[in-house]
Amino acid sequence: MTGHGQLRGGIDLGGTKIEALVVDADQQVVGQAREQTPTSGGPSAVAAQMAAAMQEAAEAAGVESSALAGVGVGSPGDVDEASGTVANARNLPDWGAPFPVADFLSGRLGTRVLVGNDVQVATQAEFHLGAGKPYQSILGVFWGTGVGGGLILGGEPWLGRGGAGEIGHMVVKLGGAHCPCGRRGCMEAYAGRAAMEARARREVDKGAKTDLFKLMKERGRTRLTSAVWEAALERDDPLATELIERAIEALGAGIASAVNLLDVEAVVLGGGLGVRFGQPMAERISTEMHPHLFNDTRPPAVRVAGLGDFSGGIGAAMLVSGDVSAATG
Ligand SMILES: [Zn+2]
């Protein structure tokens with residue numbers, strides 16, 4: 001039995017859900033809670049929901065949040081780890097100006113809070129504990145609301161000047177589809193769940209037939225979650241099938257292009273859609289990558305995240321012990 005002082009919290013802040021975990025000294029998950037990410041109310045509404053999720057996870061682990069040695073947060077957007085603020089978090093409501101996530105949460109939770117980049121901490125967790133363990137160089141691809149990327153090269157995180165890893169914005173088609181980032185032809189414009197949902201809504205407006213939105217309502221959702229996409233694919237919904245195939249083609253081209261540049265040993269596929277679709281989807285993406293690989297006789301391994309939905313939360317908790325470095329900068 002681990003002393004409470006060694007328990008740490010980790011929060012993975014996503015565009016659709018907030019995953020809060022409590023882990024012990026061996027990085028085992030001993031408490032967990034999940035909340036929907038608020039779609040309105042700005043950063044303070046999102047941060048309040050993060051605090052609530054963390055308190056629930058602590059309760060599940062049998063401790064008060066104030067008994068945790070600390071809480072790490074993996075956040076999208078521009079993370080300033082020194083001040084614990086986050087700015088420009090796209091896919092989150094009205095989150096432009098810097099918001100003091102660490103101060104807000106430490107006030108609510110009664111323990112210190114550290115903030116890092118969501119995808120980078122998840123990639124480091126996969127590198128240390130998950131599917132990336134056998135390798136020295138990996139590319140993490142997190143396929144969810146958007147498409148994020150993280151890099152470990154020669155055993156070290158590669159952050160560039162702080163903004164590296166934005167694989168979602170690899171251009172897969174010049175002058176192509178509009179991306180949520182405001183540019184055109186990005187991989188995320190085809191493969192991100194937000195972009196796919198926007199496309200599905202436009203197709204329905206034009207008269208396309210699909211069960212996607214019916215399945216969404218049946219599940220009491222307001223967005224096309226990974227589970228909704230999976231259910232639609234299982235019943236061979238034509239629009240869902242077409243949009244997912246389009247996404248896989250874009251992922252194949254974009255990931256292969258990154259591999260041509262970096263020659264990593266393995267690609268680790270995570271994120272809500274990546275984890276839900278699992279290894280069969282990793283293999284489809286690998287097949288789709290193949291024609292674009294320059295060194296096509298030795299393709300990289302493509303593996304689903306070994307920590308599944310928990311890689312972001314566990315990586316965030318690792319910020320507290322200093323096992324991973326805080327994201328950007
Ligand atoms: Zn983009």
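Whatever order the structure lists ligands and atoms in, that order sets their numbers, starting from 1.
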Ring center gap for F277 and W143 short of 6.0 angstrom: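 F277 vs W143: aromatic centres under 6.0 Å.
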Residue pair N260 / H292: nearest heavy atoms and the distance that separates them: ND2-O, 2.9 Å
Side-chain H-bond candidate by donor/acceptor type, R219 with T225, under 3.5 Å: no
Exercise: do D118 and S75 side chains pair donor with acceptor under 3.5 Å: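 No donor-acceptor contact under 3.5 Å links the two side chains.
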Worked verdict on R298 versus D263 for salt bridge (charged side-chain N to carboxylate O under 4.0 Å, His left out): CA-CA 10 Å; R298 47 184 193 93; D263 196 24; 3.3 Å; yes
CA sep, side-chain torsions, deciding dist, call: K209, D237, salt bridge (charged side-chain N to carboxylate O under 4.0 Å, His left out): CA-CA 9 Å; K209 293 275 175 284; D237 182 86; over 6 Å; no
Proximal protein heteroatoms (N, O or S) of the Zn ion (ligand 1), under 2.8 Å: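 Short answer, with waters excluded from the count: H169 ND1, C179 SG, C181 SG, C186 SG.
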